[in-house]
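Everything below concerns the one structure shown next.
Here is how names work: the chains are called A, B, and so on, in the same order as the sequence lines, proteins then strands, and each is numbered from 1.
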Protein chains: 2
Amino acid sequence: MARKQGSHSGITGPKVRAAALRLFARDGYAAVSMRAIAAEVGVQAGALYLYTPDKQTLLFELMKGHLEELLAAWAAEPKPEGAAARLEAFARFHIRFHLARPEAVFLAYMELRNLAPANFAAIEALRRAYEDELAAILRDGVAEGVFSVPDLRLATMAIIAMLTGVNTWYREGGRLDRAAVEAIYCDMARRMVAC
Amino acid sequence: MARKQGSHSGITGPKVRAAALRLFARDGYAAVSMRAIAAEVGVQAGALYLYTPDKQTLLFELMKGHLEELLAAWAAEPKPEGAAARLEAFARFHIRFHLARPEAVFLAYMELRNLAPANFAAIEALRRAYEDELAAILRDGVAEGVFSVPDLRLATMAIIAMLTGVNTWYREGGRLDRAAVEAIYCDMARRMVAC
DNA sequence: GTCTATAATTAGATAGAC
DNA sequence: GTCTATCTAATTATAGAC
């Protein structure tokens with residue numbers, strides 16, 4: 001019987017996370033067995049527990065990693081002068097970042113209910129921090145007199161929902177490329193809050 | 001041993017669907033066992049199979065029923081003259097209908113991947129029919145010269161994503177009541193497509 | 001670091017009593 | 001119409017060999 005043994009080490013950990021992300025996104029956390037993840041990686045189920053204490057932690061680490069990467073990437077973006085330009089930068093960044101990792105985005109939205117309470121709280125805090133970035137841009141725009149926003153929090157939620165919605169229908173090789181989609185959504189976001 | 005027997009008939013069927021809806025929405029289709037549904041109804045697992053051939057059909061019927069109800073309710077709405085007024089009617093209807101049944105809405109968005117292929121196709125057709133209702137309003141508005149829409153399909157998806165997003169954050173007894181939320185989102189939708 | 005084997009539990013669905 | 005009992009298969013996680 002073929003028995004793979006020896007040192008593949010150093011890469012199995014990332015492979016486990018990649019396989020879990022792919023399968024969780026495709027079939028849902030509850031529907032994916034540890035055996036299925038192991039098969040995707042090419043090891044036996046027992047070996048997974050060298051890389052994660054349990055299935056729940058695997059899910060949490062994936063979601064946490066995604067949101068931390070999102071916040072870090074936005075922090076690293078150049079921030080132009082003026083709220084209008086910063087809103088455009090945010091909209092374009094959001095679409096670009098989210099279209100580049102559809103599986104992680106899907107997971108972060110769909111599997112919140114499968115998080116243990118403490119893990120859920122941590123994820124919600126990260127999400128809220130990201131929303132606050134957009135809220136700050138809108139607040140600045142109102143202060144500058146370039147935006148008209150009836151309700152700051154609702155406008156924030158509306159724009160994020162609108163932008164994230166791209167992931168539900170965008171397909172590579174479709175009618176519009178990413179740049180065109182970015183431009184059109186940018187325009188719609190600007191209109192929503194323009195004076 | 002207490003053994004409930006006799007004719008509770010005529011109400012168990014609806015109770016099964018209601019229990020399945022509640023549990024599927026809360027825990028996810030894959031995480032809910034037939035035993036859990038039975039316990040919620042107050043019967044044993046075997047009894048469920050008098051009301052559904054299997055778990056998959058139970059999910060499909062819930063989603064199909066929700067979307068058919070959505071289409072029928074919109075068809076029954078009064079349609080004012082003019083695309084601008086019809087857009088307002090659509091936005092208000094969408095928020096009102098969706099906030100009234102958060103569990104069914106959640107299910108219809110989250111459990112698409114757990115549908116068998118044929119069932120998925122049927123659900124997608126119903127969803128597309130609903131999207132087409134909004135697309136027709138936007139097209140009429142462009143023809144009337146009251147809307148400016150860079151891309152009809154993207155504007156349709158953007159408005160629906162924005163409106164449906166209300167369900168993710170709205171809580172009864174929160175800062176704004178439903179009427180206020182309707183009004184603000186209506187305003188944002190109008191701005192998005194206004195000339 | 002990975003395997004095999006296994007414990008303890010639970011799943012969807014069916015059969016037959018009442 | 002519902003219950004009890006059961007079949008078959010799959011689940012998470014652990015123990016110990018190598």
Side-chain angles (χ1 to χ4, degrees), chain A residues 1-24 26-62 111 113-119, chain B residues 1-24 26-63 107 111 113-119:
Chain A
M1 185 172 287
R3 171 119 164 249
K4 281 176 261 171
Q5 202 164 348
S7 183
H8 302 249
S9 63
I11 54 163
T12 305
K15 279 172 73 178
V16 168
R17 284 193 291 279
L21 171 59
R22 186 163 45 247
L23 295 181
F24 286 166
R26 196 188 64 192
D27 302 327
Y29 173 78
V32 174
S33 68
M34 293 298 269
R35 278 171 181 77
I37 297 170
E40 186 90 352
V41 174
V43 298
Q44 292 298 314
L48 294 181
Y49 292 88
L50 294 171
Y51 304 99
T52 182
D54 51 34
K55 194 182 167 190
Q56 164 71 203
T57 303
L58 198 46
L59 174 65
F60 174 61
E61 296 287 346
L62 287 171
E111 301 296 355
R113 64 179 162 199
N114 284 310
L115 290 172
N119 292 341
Chain B
M1 184 171 289
R3 170 120 167 244
K4 283 176 256 169
Q5 202 164 350
S7 183
H8 303 249
S9 63
I11 54 163
T12 303
K15 279 173 71 178
V16 168
R17 283 192 292 279
L21 172 59
R22 185 162 46 246
L23 294 181
F24 287 166
R26 197 188 64 190
D27 301 328
Y29 173 77
V32 174
S33 68
M34 294 298 271
R35 279 168 180 80
I37 298 170
E40 185 90 352
V41 173
V43 297
Q44 293 297 314
L48 295 181
Y49 292 87
L50 295 170
Y51 304 99
T52 180
D54 51 34
K55 194 182 166 189
Q56 165 72 203
T57 303
L58 196 46
L59 174 65
F60 175 62
E61 296 288 346
L62 287 171
M63 294 175 70
L107 201 72
E111 302 296 354
R113 65 180 162 198
N114 284 309
L115 289 172
N119 292 341

Taken to the nearest whole Å, CG/L50(B) to P/dA15(C) is 13 Å

**Q.** Distance below 4.0 Å between T12(B) side-chain N/O and dT2(D) OP1 or OP2
**A.** yes

N114(B) atom CG is separated from dG12(C) atom C1', nearest whole Å, by 15 Å

When you check the phosphate oxygens OP1 and OP2 of dT2(D), does a side-chain N or O of Q44(B) lie under 4.0 Å from one of them? no

- Is the closest side-chain heavy-atom distance between I37(B) and F24(B) below 4.5 Å? yes

Separation between OH (Y49(A)) and CG (L58(A)), nearest 0.5 Å, reads 9.5 Å

Exercise for review: Please check if the side chain of Y29(B) supplies one atom and the backbone of L107(B) the other of a donor-acceptor pair under 3.5 Å.
Suggested key: no

- Can you find a pair of side-chain heavy atoms, one from N119(B) and one from T57(B), that are under 4.5 Å apart? no

So salt bridge (Lys or Arg N to Asp or Glu O under 4.0 Å) across residues 52-62 of chain B, not counting sequence neighbours, yields none

Where do N or O atoms of nucleotides 9-11 of chain D meet protein N or O atoms at under 3.5 Å, pair by pair?
from    : atom 1 : to     : atom 2 : distance (Å)
dT11(D) : OP1    : S33(A) : OG     : 3.3

Checking dT14(C), dC3(D), dA13(D) against the side chain of Y49(A) (C-beta onward), the nearest is dA13(D)

L48(A) atom CG is separated from dT14(D) atom P, nearest whole Å, by 13 Å

Distance-only check: which donor-acceptor pairs under 3.5 Å involve side-chain atoms of residues 13-22 of chain B, not counting sequence neighbours?
from   : atom 1 : to     : atom 2 : distance (Å)
R22(B) : NE     : E40(B) : OE2    : 2.7
R22(B) : NH2    : E40(B) : OE2    : 3.1

